[in-house]
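What's counted below: heavy atoms across the whole structure, side chains too, no hydrogens, waters or symmetry copies. These figures come from a predicted structure and were not determined experimentally.
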Amino acid sequence: MSDVTVRVAQGPDDLAACFAVRKDVFVAEQRVPEEVEYDTYDAGATHVLAVREDGVPLGTGRLLTGPAAAAKNGGDATVGALGRLAVTRAARGLGVGAALVEAIEDAARARGLTAIDLHAQTHALGFYERLGYEVYGPEFPDAGIPHRAMRKALH
């Protein structure tokens with residue numbers, strides 16, 4: 001991971017790179033319709049981007065705060081919402097996903113949030129559990145893919 005940088009997306013080029021990774025992973029690979037993948041929350045989200053030292057994007061994720069997060073977590077404005085975490089096929093297994101989650105958690109702490117919620121695809125539950133997230137609630141479909149709600153308290 002020494003040749004990978006994870007940062008909060010700055011400017012239109014970084015945002016385009018985030019959206020390109022999401023299109024590759026969610027739209028092309030997982031067949032999520034584009035109109036579902038990109039939503040009104042993107043405009044106000046904090047996006048994070050992982051890039052190789054040569055600038056090639058490897059992964060992305062986003063943090064929702066305030067009313068956008070509260071709409072996803074039952075109304076608690078002190079809880080952020082992690083979402084749209086995607087790592088390119090070539091970068092999987094290299095620690096990029098964990099580094100993205102850590103960057104999102106750091107951004108949440110900087111905003112004074114007490115916890116982070118997320119909706120994990122069921123095949124990814126173990127990944128998030130290893131990072132300290134706990135499952136709650138029943139399984140539900142999102143874009144036709146089984147998900148579970150998870151939460152982690154921030155310290």
Quick check for you: to the nearest 0.5 Å, what is the distance between [X] atom [atom1] and [Y] atom [atom2]?
{"X": "Leu15", "Y": "His47", "atom1": "CG", "atom2": "NE2", "value": "5.0 Å"}
{"X": "Gln121", "Y": "Phe26", "atom1": "CD", "atom2": "CZ", "value": "6.0 Å"}
{"X": "Thr60", "Y": "Asp24", "atom1": "OG1", "atom2": "CG", "value": "12.0 Å"}
{"X": "Phe140", "Y": "His147", "atom1": "CZ", "atom2": "NE2", "value": "6.0 Å"}
{"X": "Leu94", "Y": "Leu58", "atom1": "CG", "atom2": "CG", "value": "8.0 Å"}
{"X": "His123", "Y": "Ile145", "atom1": "NE2", "atom2": "CD1", "value": "7.0 Å"}

Are [Y] and [X] connected into the same hydrophobic cluster when the rule is that any two of I, L, V, M, F, W, Y join if their side-chain heavy atoms are below 4.5 Å apart?
{"X": "Val101", "Y": "Val6", "value": "yes"}
{"X": "Phe127", "Y": "Val96", "value": "yes"}
{"X": "Val48", "Y": "Tyr128", "value": "yes"}
{"X": "Phe19", "Y": "Val36", "value": "no"}
{"X": "Val135", "Y": "Leu85", "value": "yes"}

Side chains of Asp117 and Tyr133: is there a donor and an acceptor less than 3.5 Å apart?
no
If only side-chain N and O atoms count, and only distance matters, is there a donor-acceptor pair under 3.5 Å linking Thr46 with Arg111?
yes
For the student: nearest non-hydrogen atoms of [X] and [Y], plus distance:
{"X": "Ala68", "Y": "Tyr41", "result": "CB-CD2, 3.5 Å"}
{"X": "Leu49", "Y": "Pro57", "result": "CD1-CB, 4.1 Å"}
{"X": "Ala45", "Y": "Leu64", "result": "CB-CD2, 3.5 Å"}
{"X": "Ala108", "Y": "Leu154", "result": "CB-CD1, 3.6 Å"}
{"X": "Ala143", "Y": "Val32", "result": "CB-CG1, 3.9 Å"}
{"X": "Glu139", "Y": "Thr122", "result": "OE1-CG2, 3.3 Å"}

Under-4.0 Å salt bridge between [X] and [Y]:
{"X": "Glu37", "Y": "Lys23", "answer": "no"}
{"X": "Arg52", "Y": "Asp3", "answer": "no"}
{"X": "Glu102", "Y": "Arg109", "answer": "no"}
{"X": "Arg22", "Y": "Asp42", "answer": "yes"}

Side chain proximity check, Ile104 to Ile116, heavy atoms < 4.5 angstrom
yes
Given Thr65 and Leu113, is the side chain to side chain contact (heavy atoms under 4.5 Å, CB included) satisfied, shown in steps?
CA-CA 8 Å; Thr65 58; Leu113 298 178; 3.7 Å; yes
Worked verdict on Arg89 versus Glu29 for side chain to side chain contact (heavy atoms under 4.5 Å, CB included):
CA-CA 9 Å; Arg89 183 172 283 155; Glu29 189 178 323; 3.2 Å; yes
Are Glu129 and Arg151 close enough, and set up right, to give a salt bridge (charged side-chain N to carboxylate O under 4.0 Å, His left out), and what steps lead you there?
CA-CA 10 Å; Glu129 287 172 336; Arg151 178 173 283 191; over 6 Å; no
Are Leu63 and Leu82 close enough, and set up right, to give a side chain to side chain contact (heavy atoms under 4.5 Å, CB included), and what steps lead you there?
CA-CA 5 Å; Leu63 172 67; Leu82 184 158; 5.5 Å; no
Worked check of salt bridge (charged side-chain N to carboxylate O under 4.0 Å, His left out) between Arg148 and Asp142:
CA-CA 10 Å; Arg148 296 287 304 272; Asp142 188 358; over 6 Å; no
Main-chain N/O of Thr114 paired to Thr78 side chain as donor or acceptor, under 3.5 Å:
no
Taking it one step at a time, do Val87 and Leu100 satisfy side chain to side chain contact (heavy atoms under 4.5 Å, CB included)?
CA-CA 9 Å; Val87 176; Leu100 287 162; 4.1 Å; yes
